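Below is one structure; the comments refer to it alone.
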Amino acid sequence: MEKSIYRLIKEALNEDGMLSADFSLPKEDNGNKIRFADGAMDGIMMFHSRISSNTESEEYKQIISAIELANKGEGANAKAIIHEFAVKGHMLPYIDDVQSYIVEHKDQLNAKNIYNFAMDLILFGTKSEAVKVGMSIMELFNTNNNEEFKDVIRKFALNDEFTLYSGYLMRGWDNDNKEIFEAVKKVKGWGRVFLVNSFLEPENEEIKHWILLNGVDNEVLPNYSAIDCYTHTNLLERLEEPMTIEEYRGAASIISALLDDEPEPGISAIKDADKLLETFMQKTMQREELEAGDYSLIYRIMVYAKEQSGDFSAIYNQAKDILYSDRVLQVIKKALSQGKAVEFELARDLGIDYKEQAYHSLLEDFETNFQLASLLMQDNYKVDNIIQLISEKLEVDKLSTGSKDEIGVGEEFSCYRTFSYLMQFLSTYPGKGIELIKSALRMPVVSCRFTALRVIEQWVEIEQKPLKISFPELYQYLCDILPEEVREDAQKKMNELIEGILNKPQGITIQRKDE
């Protein structure tokens with residue numbers, strides 16, 4: 001018998017009453033090859049789609065039909081309909097309309113039957129969206145004095161898939177903000193984003209302090225919470241007060257998230273952006289204990305200020321004076337020996353020679369420092385050696401197992417993502433790394449094959465000759481593997497290259513390793 005979602009979560013709790021970082025719910029087999037992280041689909045709908053319910057849709061009618069059956073005491077049939085809905089449906093767009101339906105028909109509905117139906121979905125539902133239906137219905141009941149139920153919801157809140165719905169329920173309890181505060185400290189994915197953005201109120205100094213240090217620290221994208229954390233901490237005023245180094249770095253994290261300015265508005269939405277950055281510059285100049293990594297944000301601020309019109313010239317000059325001071329340059333040079341990518345990138349930005357030390361760090365620990373390979377290739381440093389290193393360290397030959405329609409999400413595909421990320425940087429070196437390209441064209445992960453095809457396309461554009469003439473070895477290889485390719489769009493691109501059709505590329509958009 002399939003385990004309920006609640007049982008899976010309950011059994012996965014560790015001794016500290018937390019879920020381990022690698023815990024993830026089983027993904028529904030709904031024909032979609034993309035496997036979203038827990039909470040991600042709701043997050044995408046909230047931030048990137050217009051959430052709109054359609055009371056004429058089959059999904060809405062399924063939910064209402066189930067409620068009507070549950071009202072008649074036909075709980076098993078009602079639950080079956082909800083589980084059918086849960087295979088492809090999503091509850092988030094229908095919460096308000098379903099709740100409105102229940103409220104409008106409360107005189108015709110048996111409250112006990114509806115309550116039991118919702119509880120059954122929550123406790124015994126085997127599909128995430130079915131559980132969410134139950135949680136959404138339970139919002140209409142007073143659960144404040146039901147400690148057993150509240151404990152169930154506290155456990156659901158630990159999983160990013162259900163934190164949002166747990167937050168809705170917690171809002172109806174006494175000490176709701178305290179409950180939410182305890183929950184937000186225990187999740188780091190979409191759950192933290194939801195609670196910081198929509199639920200947590202900065203009602204006391206303890207919460208404000210936590211938001212300052214941790215509010216944008218999520219595993220999704222700090223920018224999602226940047227404005228809320230800026231507002232909740234009164235950051236501009238807070239910067240004018242004494243700060244510990246931890247508080248300074250918390251403020252720096254919020255400012256860094258604001259500078260991203262997408263996908264959500266960040267620095268552009270702040271009226272006193274110039275004053276905020278100027279105050280932060282002044283705070284930075286007062287600190288003597290900053291490390292090289294702290295100055296990466298100062299470089300970003302300098303670049304940002306240079307691109308702005310208006311009153312940002314003083315900020316630009318402040319940042320430049322900080323970065324090019326003897327003390328900071330010495331801090332950065334000393335940090336290069338530690339082998340961390342962020343220090344090497346900052347050194348490169350500031351014109352400090354970093355290459356030899358970076359290459360040494362890459363040799364010492366490729367897995368940790370693989371991004372240094374991208375910096376060195378961009379600077380044309382030992383490219384042939386790095387190509388060989390990539391091949392050996394990632395065991396590229398073992399990754400080339402044949403074309404499949406694999407999206408490549410999950411820890412088991414980490415090597416593929418690293419490989420695809422690094423392969424982009426071959427685009428400006430026509431003819432180098434041909435064996436890597438050939439291996440990539442037979443990898444099961446789609447992104448690897450498309451990255452290889454984009455590199456070939458860029459090479460052909462640089463050479464200004466058809467593939468058959470410029471790179472006959474690759475031409476023949478594409479001809480040989482074309483029948484094996486499982487995706488039509490990849491076959492089309494291969495055919496264009498084989499036939500010498502030049503769709504002038506706009507250059508490769510560099511992707512991050514985790515995309």
Side-chain angles (χ1 to χ4, degrees), residues 216 221-223 226 248-249 251-262 266-267 273-274 276-278 280-285 287-308 312-362 365 368-383 386 421-422 424-429 507-515:
V216 297
L221 201 63
N223 168 261
Y248 169 85
R249 286 177 175 150
S253 296
I254 296 173
I255 291 173
S256 179
L258 288 169
L259 285 174
D260 286 340
D261 218 23
E262 60 178 29
I267 195 80
D274 55 341
L276 172 68
L277 297 179
E278 187 174 353
F280 182 72
M281 288 293 100
Q282 293 167 355
K283 184 67 72 175
T284 300
M285 288 186 286
R287 308 210 72 95
E288 296 291 331
E289 75 275 50
L290 298 184
E291 299 174 358
D294 296 311
Y295 293 108
S296 294
L297 175 58
I298 307 305
Y299 181 80
R300 290 186 65 201
I301 291 173
M302 183 178 75
V303 173
Y304 171 81
K306 187 176 181 181
E307 294 172 348
Q308 305 307 305
F312 285 86
S313 58
I315 297 168
Y316 171 80
N317 290 327
Q318 280 179 307
K320 188 175 180 181
D321 289 344
I322 292 171
L323 290 170
Y324 290 97
S325 66
D326 289 339
R327 189 183 73 83
V328 172
L329 290 175
Q330 288 305 313
V331 168
I332 294 171
K333 288 179 181 179
K334 183 178 178 181
L336 294 184
S337 61
Q338 298 175 358
K340 296 180 181 178
V342 64
E343 280 84 3
F344 285 114
E345 188 167 359
L346 178 59
R348 180 176 183 262
D349 290 335
L350 296 178
I352 299 172
D353 187 11
Y354 74 99
K355 301 183 192 67
E356 185 176 347
Q357 287 171 299
Y359 184 67
H360 178 72
S361 295
L362 187 63
D365 188 351
T368 301
N369 298 318
F370 71 88
Q371 293 192 26
L372 293 176
S374 67
L375 297 181
L376 293 169
M377 283 195 285
Q378 289 177 75
D379 286 342
N380 195 18
Y381 185 82
K382 295 190 177 183
V383 175
I386 292 172
Y421 167 76
L422 293 176
Q424 302 170 93
F425 300 97
L426 293 175
S427 62
T428 56
Y429 298 103
I508 289 182
T509 299
I510 301 301
Q511 300 293 312
R512 298 184 315 202
K513 179 249 181 180
D514 57 348
E515 291 183 323

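This one's a predicted model, so the numbers in the text were calculated from it and none came from an experiment.
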In this structure, CE of Met281 is separated from CG of Asn317 (nearest 0.5 Å) by 12.0 Å
Residues Glu343 and Ala335: closest non-hydrogen pair is CG-CB, 3.5 Å
Nearest heavy-atom contact between Leu422 and Ser374 is CD2-N, 4.0 Å
_Close side-chain approach of Val331 to Leu290, heavy-atom, < 4.5 Å_ = no
Do Tyr354 side-chain atoms and Leu375 backbone N/O form a donor-acceptor pair below 3.5 Å?
yes
One should read off an interatomic distance between Ile298 CD1 and Asp321 CG, to the nearest 0.5 angstrom, of 12.0 Å
| message | Quick check: do Thr428 and Asn380 have side-chain heavy atoms less than 4.5 Å from each other? | response | no
Exercise. Go through Leu376 and Lys382 one step at a time and tell me if the side-chain contact (heavy atoms from CB on, under 4.5 Å) criterion holds.
Key: CA-CA 7 Å; Leu376 293 169; Lys382 295 190 177 183; over 6 Å; no
To the nearest 0.5 Å, atom CE of Met302 lies from atom CD1 of Ile322 at 10.5 Å
Tightest non-hydrogen contact, residues Ala292 and Leu346, listed as O-CD2, 3.5 Å
- request: Starting from the C-alpha separation in whole Å, work towards a yes-or-no answer on side-chain contact (heavy atoms from CB on, under 4.5 Å) for Leu276 and Leu258.
  value: CA-CA 11 Å; Leu276 172 68; Leu258 288 169; 4.0 Å; yes
Please say whether more than 12 non-hydrogen atoms of neighbouring residues, nucleotides or ligands are located less than 6.0 Å from NZ in Lys320. no
Kindly indicate, with the supporting measurements, whether the criterion side-chain contact (heavy atoms from CB on, under 4.5 Å) is fulfilled by Tyr421 and Gln371. CA-CA 9 Å; Tyr421 167 76; Gln371 293 192 26; 4.1 Å; yes
In short, Asp274 meets Ile315 closest at the heavy-atom pair O-CD1, 3.2 Å
Test log, rule side-chain contact (heavy atoms from CB on, under 4.5 Å), inputs Val383 and Phe425: CA-CA 10 Å; Val383 175; Phe425 300 97; over 6 Å; no
Output for pair (Leu336 CG, Arg348 CZ), nearest 0.5 Å, gives 13.5 Å
Query raised in the report: Got a sec: does the CD of Gln378 have more than 12 other heavy atoms crowding it under 6.0 Å?
Result: yes
Between Val216 and Ala257, the two heavy atoms sitting closest are CG1-CB, 4.2 Å
Does Glu289 have more than 12 heavy atoms from other residues, nucleotides or ligands lying within 6.0 Å of its CD? yes
In short, side-chain hydrogen bond (donor to acceptor under 3.5 Å, both in side chains) pairs touching residues 292-306 with sequence neighbours left out are Arg249-Asp294, Ser256-Arg300, Asp260-Arg300, Tyr295-Arg327
For Tyr248, the ring-ring contact (aromatic ring centres under 6.0 Å, His included) test, sequence neighbours excluded, returns Phe280
Separation between CG (Asn223) and CD1 (Ile267), nearest 0.5 Å, reads 11.0 Å
CG (Leu372) and CZ (Phe370) are apart, to the nearest 0.5 Å, by 9.5 Å
For Ala373 and Ile386 the tightest heavy-atom approach is CB-CG2, 3.8 Å
